[in-house]
Each structure stands twice: as C-alpha cells, then as structure tokens.
Amino acid sequence: MARRTIDIGIDLGTTNSEIACIENGEVKVFKNYLRSEFTPSVVRIDEKGTVIVGRKAYERLVDDEDNTVSEFKRWIGTQQLKVFKASGQKLKAEDLSAEVLKDLKVTAKNYLPDDEINAAVITVPCNFEIVQCEATQRAAKLAGIKYAPLLQEPIAASIAYGFLEKMPKGFWVVYDLGGGTFDVAIMSAKEGRLAVVDHCGDNYLGGKDFDWTIVEGIIYPILKKEYDLPSLGRTKEYGALNAVLKSAAEEAKIELSQRDSVNLTIHALDTIKDKSGRVIDISIPLKRSQYEPLIEDYVDKSIKLFRKTLEEQKLAASDISQLILVGGPTQTPYIRKRLKDEFGINTDYRIDPMTVVAEGAAVFAASQLMPEEFVSKDYSKVSIKLAYNPMTTDINTPVGGNLSPASSGGNLPQKMRMQIKSTSGDWESGMIEVKNNAFYCSVSLREKKINSFKLTLLDEFGNSIPTDPDTFSITQGISVAEPPLTRSIGVELVDGSFDKHLHKGDPLPARGKPKTYRTSVEVLPGQAEGALNIHVYEGESPIANRNRHLGTLKIKGDMVKRAIAENTEVDIVIAVDQSRSVKAEAFIQRLDQNFTNVIEN
C-alpha cells in the first residue's frame with residue numbers, strides 16, 4: 001500500500017547525515033551498510049567518474065583531497081565549485097549534497113524495498129538564509145526527492161523530545177552545535193503546540209573549527225621542531241599533510257570527550273615527507289586540559305549568541321526550564337560544564353545528540369500528507385478523500401471522508417456504513433452511516449503515539465467494499481506552529497534603501513500586502529535588452545546592498561504589451577512558503593499585466 005504521509009526525515013549535516021522513518025508507529029534511524037546510524041557527509045569521485053559517499057570517501061580525505069571533499073554544507077548556496085582533478089568534474093555544494101542524499105536513499109531502500117523514496121522532510125539550520133534553503137531544495141530534486149519540505153533543526157530536536165521523551169514546560173533552549181554550523185533557538189509550547197520564539201546562530205561555527213585549533217595549536221608547533229617543514233600552515237603546499245593532521249585531530253577530539261588524555265598519532269603516508277625526505281611519523285600526547293583552552297573562544301562566541309537571544313526576548317536564564325543539546329560536539333565535557341556554569345539551566349541529552357534531529361524530522365514527516373501526485377491510486381476500488389489533522393494535541397479528533405465510485409463504472413450502493421478501528425485494538429467507531437456519499441466521526445487517540453486506523457466500508461448486507469485508501473494515521477501529543485521567517489525580505493529602492501515587505505518573525509507561509517512604487521526607467525516593447533529591474537533582498541540593514549541579494553524581478557521589453565514610461569505605477573507582492581522559497585509578483589495596471597516569479601538569481 002502506498003504511503004499517505006511522508007514518514008521519512010533526513011538530517012543533512014555538515015559532518016554526518018542520518019535518515020529516519022516512522023514504521024508501525026515507531027521511530028527508526030536506519031543503519032548504513034557499515035551498521036552505523038550516521039553517514040559522513042563526504043564525497044569522492046575517482047578517475048573513472050565513480051562517486052563514493054560516506055566512510056570510504058572519508059578515509060580518502062587524508063591521502064587524496066584533490067578528489068575528495070567534505071564540509072560543503074558550509075558553502076551551499078554559493079557559486080563555489082569543487083574540482084575533482086582525476087575526473088575533471090566540477091560540482092557545487094548542492095550537487096555534492098545530492099550525492100549524500102542519494103546514498104541515504106540507498107540506505108533506506110534496504111529497509112523499505114517496496115517504497116519509492118521520492119519525498120522526505122529535510123532539516124536545515126535555523127540560521128540558514130533563503131539562498132541556502134533554495135540550494136537544499138535543489139539538492140533534493142537532484143537526488144530524486146521531488147517533494148522535500150524543510151524543517152528547522154531546533155524544531156526537529158524539540159519534536160523528538162516532545163514525542164519520545166517529555167515535552168519541556170514554558171520556554172526551553174535548543175543549543176545545536178554541529179560539525180559546521182551553530183544554532184541557538186528559544187522554543188515554547190502552548191498546549192503541545194511547538195513554536196520558535198527567537199533564534200540566533202553562525203553558519204561558520206562548528207566542530208570542524210575545533211579540529212583546526214588542535215592542528216594549529218598543538219600539532220604544528222611540535223612538527224616544526226621535529227621536522228623540516230618551512231612555512232607549515234593551511235596552504236596548498238601542505239594540503240595532503242593537513243588532511244592527515246585534521247583527521248588525527250578529529251579522532252583525538254572525539255576520544256577526549258570520554259578520556260582525560262590521548263595519544264595523537266601522526267603517521268603520514270610514505271609519499272608525504274618533509275624537505276629533508278623524512279617520513280612524518282610521530283605520536284603526540286594531548287590532554288583535555290590542553291584542548292579546552294584552544295576551543296574557549298569558539299565556546300565563548302556560542303555563549304554570547306545564546307545570551308543575545310535571551311536578551312532580545314527579555315528573558316533570564318531562570319526563565320528557561322530546559323536546555324536541549326544537539327550535535328556531536330555538545331558531547332564535549334568542557335562545553336557542557338561552561339553551559340551549566342554560565343546559565344545554570346537543567347541540561348538534557350537523553351536522546352543521542354547525533355540522531356535527535358533525524359528522529360524529530362521523521363516524527364514530523366509522519367504528520368505531513370504526501371502530495372496527491374505522489375500517491376499511487378487503485379482506481380478499481382472506491383476512492384475515499386479523507387479530511388483530518390494528521391498531527392494534533394487533542395485526544396479526540398474529527399475524521400471525515402467523501403466517497404467516489406471505482407473507475408469500473410457504476411454507482412455506489414444506496415445504503416453504506418463505515419467502520420473505523422485502531423490497529424492497536426483499543427478503539428473502534430461502530431457502524432457510521434454514510435450519507436450523500438460522505439461520513440464523519442470523532443476518533444479516539446492514544447496519547448503520545450502515532451495512531452493507525454483501518455477503514456472498512458460495508459454495503460447494507462454487511463459485505464465489505466474495497467476502498468483506497470483503507471488506512472490512515474494520526475500523531476497525538478504534539479503539533480508545530482508556523483515556522484518564523486528568519487530574516488526580513490524586501491526590495492531595493494532607487495536611493496539604495498531597503499523597503500521591507502515581510503518581517504523577521506512573520507509566520508510562514510507568508511504573503512505580503514501589495515506595495516505600490518513608481519518606475520525610474522523606461523521599458524520599450526520588443527527590446528530584450530531593456531528591463532525594469534526590481535532587486536529582492538533578505539536582511540535587516542536599511543541599506544539594501546548590505547543585505548543578501550536574493551534575485552532580481554526582471555520585466556523585459558519583450559515581455560510587455562506596451563511601453564512602460566518613467567513614473568509608471570507598479571504593484572509588488574512578495575510571498576514565502578513554509579520551506580522559505582521566495583516568489584515575487586509585479587502588476588502594472590496601465591498594461592493590465594501580471595509578472596509572476598520572474599526572478600533571476
């Protein structure tokens with residue numbers, strides 16, 4: 001039977017990525033072929049053009065960085081390219097992300113052999129800009145994921161705790177420190193309805209920066225003393241060696257989360273030698289007390305952003321009931337101690353910080369109906385168009401449906417009854433009379449469960465009539481408020497100022513009210529080179545070009561019926577959907593023409 005809800009959630013991370021699914025009402029994080037729940041977000045392309053993703057690619061970072069790449073989430077949404085020298089291929093971050101998503105789909109397919117994985121909820125940092133969200137959507141499409149609602153990572157983590165553990169009370173904070181990005185989000189829930197109150201973050205702060213502090217603060221000074229390595233640093237000359245050093249630093253960092261001291265072993269390949277021809281082979285003792293001062297500035301930065309977010313909402317640490325830790329680096333004892341010392345908030349990490357986002361995304365995905373075009377239908381059966389809320393905090397919730405005859409023709413029976421039973425066996429509706437080919441009832445839900453139900457349609461003689469669908473599910477105990485717009489969106493005026501149409505914090509989806517402007521240029525019909533350029537920006541600065549340029553709404557001469565004279569009125573409307581995709585419209589009343597979403601990025 002085809003899925004009616006998306007059910008699949010993906011945490012597309014800087015360092016590692018995970019995929020999870022709702023199966024039989026339970027959250028399951030799928031393990032890859034190495035029996036690991038997370039897959040390194042690393043891509044390698046060899047001389048034959050073969051694409052390798054995950055652990056095997058990660059292992060080649062140390063000796064073949066010319067054909068291997070990681071941390072590309074940090075530059076998604078830019079024009080930066082990775083050139084794979086052996087094959088000559090050039091890929092953007094969205095292309096590389098698509099390869100990771102394809103690999104995750106292969107992992108999921110091993111568990112769901114009968115499913116076509118063409119829809120999934122994908123998480124993004126709260127602080128991602130529009131261009132980064134759009135690039136993530138393009139990556140999904142390149143991976144064959146045709147429908148990919150985006151979910152902010154703090155919301156996903158909060159859903160996981162609210163559903164799998166215990167929903168925090170009042171306000172709580174999600175401190176999300178991943179491999180390459182940092183987010184801090186203040187969350188709240190009223191009657192089980194989750195909402196982002198405010199957030200702050202840095203898309204270039206994460207565990208990978210900690211690795212480099214070990215390389216530069218511990219390893220470089222010792223290597224410079226022991227080996228002939230003039231001008232040792234993060235330069236292309238030492239690219240292969242740096243790959244070895246960074247990998248060793250990452251392993252030591254992870255080990256220091258569990259131990260007070262480690263031996264940081266540097267064993268470069270025979271092809272990597274110093275200027276005198278010596279192979280670099282050394283073991284460096286590293287204590288936790290040496291490591292912690294190295295990351296102090298980064299932790300300080302995250303704490304300042306934490307405080308800033310609290311201050312902007314006029315909240316004190318005492319107003320926060322719980323601190324949820326997300327991301328591998330939050331397993332660092334120093335970070336946990338600093339957070340406790342600075343804020344004194346009860347810290348929670350009962351769910352694995354590495355998988356909590358994927359688990360929450362899967363729970364959310366179970367509440368998202370699959371688009372009709374992705375659901376295969378059996379037209380030989382009576383069709384039911386269901387109406388219900390797939391995620392609710394209510395214990396009793398309404399369910400209705402309209403019936404249509406099978407494609408084989410004929411009319412529906414005059415007298416029909418519908419029976420709805422929970423698959424857990426603890427509730428059933430009894431016989432519901434079908435009137436005017438429609439039915440309605442209130443179903444009873446188990447608390448904090450994904451409740452599955454079986455539909456049975458009967459004629460007046462008690463004979464079963466096959467239907468499509470014949471099941472549905474409702475998640476009880478949690479719901480999600482509309483996510484907020486993370487930055488204001490507007491247009492540039494002729495004086496260079498920024499006029500906001502939508503404001504930071506507006507609930508999504510959002511559609512601004514039309515604003516009327518007057519043109520400053522003339523556009524003649526039939527001339528492709530002439531255009532009215534309306535520049536769309538994202539940000540908070542009153543000066544347009546200090547914000548992020550999203551694209552240009554172009555109205556060209558070959559698009560207009562008649563000339564657009566200077567000082568002609570034009571109405572502009574900007575809309576943003578729940579996944580933060582932007583659309584812009586322009587209407588010129590004098591021409592009676594509407595120009596929709598003609599944005600050039």
### Task
For the pair I186 and W172, evaluate side chain to side chain contact (heavy atoms under 4.5 Å, CB included) and give the outcome as yes or no after the intermediate values.
CA-CA 6 Å; I186 302 173; W172 69 94; over 6 Å; no
### Message
Salt bridge check, E540 against K500: does any charged N sit closer than 4.0 Å to a carboxylate O?
### Response
yes
### Shortest non-hydrogen separation from H549 to V536 and the atoms involved
CD2-O, 3.6 Å
### Task
Using distance alone, with no hydrogens and no angle criterion, decide if Y175 and S302 have a side-chain donor and acceptor under 3.5 Å apart.
yes
### Minimum heavy-atom distance T123-A156, with the two atoms named
CG2-CB, 3.9 Å
### Query
Donor-acceptor pair, S41 side chain versus G13 backbone, under 3.5 Å?
yes
### Query
Is there a donor-acceptor pair closer than 3.5 Å between any side-chain N or O of D319 and the backbone N or O of L315?
no
### Query
Could you go step by step and tell me if D63 and R60 meet the salt bridge (charged side-chain N to carboxylate O under 4.0 Å, His left out) rule?
CA-CA 5 Å; D63 68 334; R60 296 304 304 272; 2.9 Å; yes
### Query
Is any side-chain heavy atom of L485 closer than 4.5 Å to a side-chain heavy atom of H503?
no
### Query
Side chains of R44 and D64: does their closest heavy-atom pair fall under 4.5 Å?
yes
#### Entry: Ion pair check, K56 and E59, cut-off under 4.0 Å
no
### Task
Please name the pair of heavy atoms, one in A189 and one in L194, separated by the smallest distance, quoted to 0.1 Å.
CB-CD2, 4.3 Å
## Note on the structure
Value for OG (S257) from OH (Y291), rounded to nearest 0.5 Å, stands at 6.5 Å
### Query
Can you tell me how far CG of L81 sits from CG of L91, rounded to the nearest 0.5 angstrom?
8.0 Å
### Message
Check this for me, if you would: do R138 and E94 make a salt bridge, where the nitrogen-to-carboxylate-oxygen distance has to be below 4.0 angstrom?
### Response
yes
#### Entry: Inter-residue atom distance F163.CZ - I351.CD1, 0.5 Å rounding
11.0 Å
### Message
Below 30° counts as parallel, above 60° as perpendicular, anything between as tilted: where do the rings of Y111 and F30 land?
### Response
parallel
### Query
Does the side chain of R336 come within less than 4.5 Å of L325's, by heavy atoms?
yes
### Message
If we ignore hydrogens and angles and just use 3.5 Å, is the side chain of S321 paired with the main-chain N or O of K169 as donor and acceptor?
### Response
yes
### Message
Between N203 and Q132, do the side chains contain a donor N or O and an acceptor N or O under 3.5 Å apart?
### Response
yes
### Derivation of the side chain to side chain contact (heavy atoms under 4.5 Å, CB included) call for L12 and L101
CA-CA 8 Å; L12 184 62; L101 291 171; 4.0 Å; yes
### Query
Out of curiosity, W212 CH2 to E250 CD, how far, rounded to the nearest 0.5 Å?
11.5 Å
### Side chain R548, main chain I130, donor-acceptor under 3.5 Å
no
### Message
I want to check something: taking the side chain as every heavy atom from C-beta on, are V196 and Q152 in contact at a cut-off of under 4.5 Å?
### Response
yes
### Task
Could you check if a side-chain atom of F38 sits within less than 4.5 angstrom of a side-chain atom of D11, using non-hydrogen atoms only?
no
### Task
Using modelled atom types only, decide if a donor and an acceptor are shared between the side chain of K253 and the backbone of G207 within a distance under 3.5 Å.
yes
### Message
For a quick check under 3.5 Å, do Q322 and N346 share a side-chain donor-acceptor pair by atom type?
### Response
no
### Message
Could you check whether any side-chain N or O of T213 sits under 3.5 Å from a backbone N or O of F210, counting only pairs where one atom can act as donor and the other as acceptor?
### Response
yes
### S579-D577 side chain donor-acceptor pair, cut-off 3.5 Å
no
### Task
Decide yes or no on salt bridge (charged side-chain N to carboxylate O under 4.0 Å, His left out) for E37 and K28, but give the supporting numbers first.
CA-CA 10 Å; E37 290 183 331; K28 186 172 187 177; over 6 Å; no
### Task
Answer yes or no: does atom NZ of K448 have more than 12 heavy-atom neighbours from other residues, nucleotides or ligands under 6.0 Å?
yes
### Query
Between T15 and K73, is a side chain to side chain contact (heavy atoms under 4.5 Å, CB included) present by the stated rule, with each step listed?
CA-CA 9 Å; T15 309; K73 182 177 176 178; over 6 Å; no
### Query
Any side-chain heavy-atom pair from F343 and R307 closer than 4.5 angstrom?
yes
### Message
For N32 and T39, which I'm curious about, is there any donor-acceptor pair between the side chains at under 3.5 Å?
### Response
yes
### Task
State whether K82 and E99 are salt-bridged, where the test is any N-O pair (Lys NZ or Arg NE/NH1/NH2 against Asp/Glu carboxylate O) under 4.0 Å.
no
### Query
Charged N to carboxylate O under 4.0 angstrom, D202 versus K301?
yes
Name the atoms and distances for all side-chain donor-acceptor pairs under 3.5 Å in residues 223-235, with sequence neighbours left out.
{"residue": "Y227", "atom": "OH", "partner": "D281", "partner atom": "N", "Å": "3.1"}
{"residue": "Y227", "atom": "OH", "partner": "D281", "partner atom": "O", "Å": "3.1"}

### Query
Taking NZ, NE, NH1 and NH2 as the nitrogens, is one of them in K337 or D341 under 4.0 Å from a carboxylate oxygen of the other?
yes
### Query
Are side-chain heavy atoms of Y537 and I489 found at a separation under 4.5 Å?
no
### Query
Tell me, do D176 and F182 make a side-chain contact under 4.5 Å, heavy atoms counted?
no
### Task
Mind running side chain to side chain contact (heavy atoms under 4.5 Å, CB included) on E47 and S87 for me, showing each step along the way?
CA-CA 5 Å; E47 66 279 359; S87 66; over 6 Å; no
### Query
In Å and rounded to the nearest 0.5 Å, what is the OG1 to CG distance from T181 to L205?
8.5 Å
### Query
Salt bridge check: are E129 and R580 linked by an N-O gap of less than 4.0 Å?
no
#### Entry: Stepwise side chain to side chain donor-acceptor pair (under 3.5 Å) test for N547 and E538
CA-CA 6 Å; N547 298 314; E538 172 191 32; over 6 Å; no
### Message
Tell me the closest heavy-atom pair linking V173 and V184, and the distance in Å.
### Response
CG1-CG2, 3.5 Å
### Check: A243 main-chain N/O paired with S247 side-chain donor or acceptor under 3.5 Å
no
### Query
So, the side chain of R288 versus the backbone of L256: is there a donor-acceptor pair under 3.5 Å, distance only?
yes
#### Entry: Value rounded to 0.5 Å, distance of CD1 in I218 from CD1 in I284
8.5 Å
### Task
Not counting sequence neighbours, which residues clear side chain to side chain contact (heavy atoms under 4.5 Å, CB included) with R74? List them please.
T14, Y204, D209
### Query
What are the two closest heavy atoms between L104 and I19, and how far apart are they?
O-CD1, 3.7 Å
### Task
Decide if atom CD of E312 counts as having more than 12 heavy atoms of other residues, nucleotides or ligands within a radius under 6.0 Å.
yes
### Message
Checking D260 against K287 for the salt bridge (charged side-chain N to carboxylate O under 4.0 Å, His left out) test, could you report, in this order, the C-alpha distance in whole Å, the side-chain angles of both residues, the deciding distance, and whether it holds?
### Response
CA-CA 6 Å; D260 291 328; K287 295 181 179 180; over 6 Å; no
### Query
Is it the case that more than 12 heavy atoms not belonging to R350 sit under 6.0 Å from its CZ atom?
yes
### Task
Taking the six-membered ring of F306 (Phe, Tyr or Trp), confirm whether the NZ or CZ of K308 is under 6.0 Å from its centre and within 45° of its axis.
no
### Message
Whether K90 and D95 form a salt bridge (side-chain N of Lys/Arg under 4.0 Å from carboxylate O of Asp/Glu) is what I want to check.
### Response
no
### Message
For a quick test of reading the model, state the closest non-hydrogen atom pair linking E359 to V29 and the distance between them.
### Response
CG-CG2, 3.5 Å
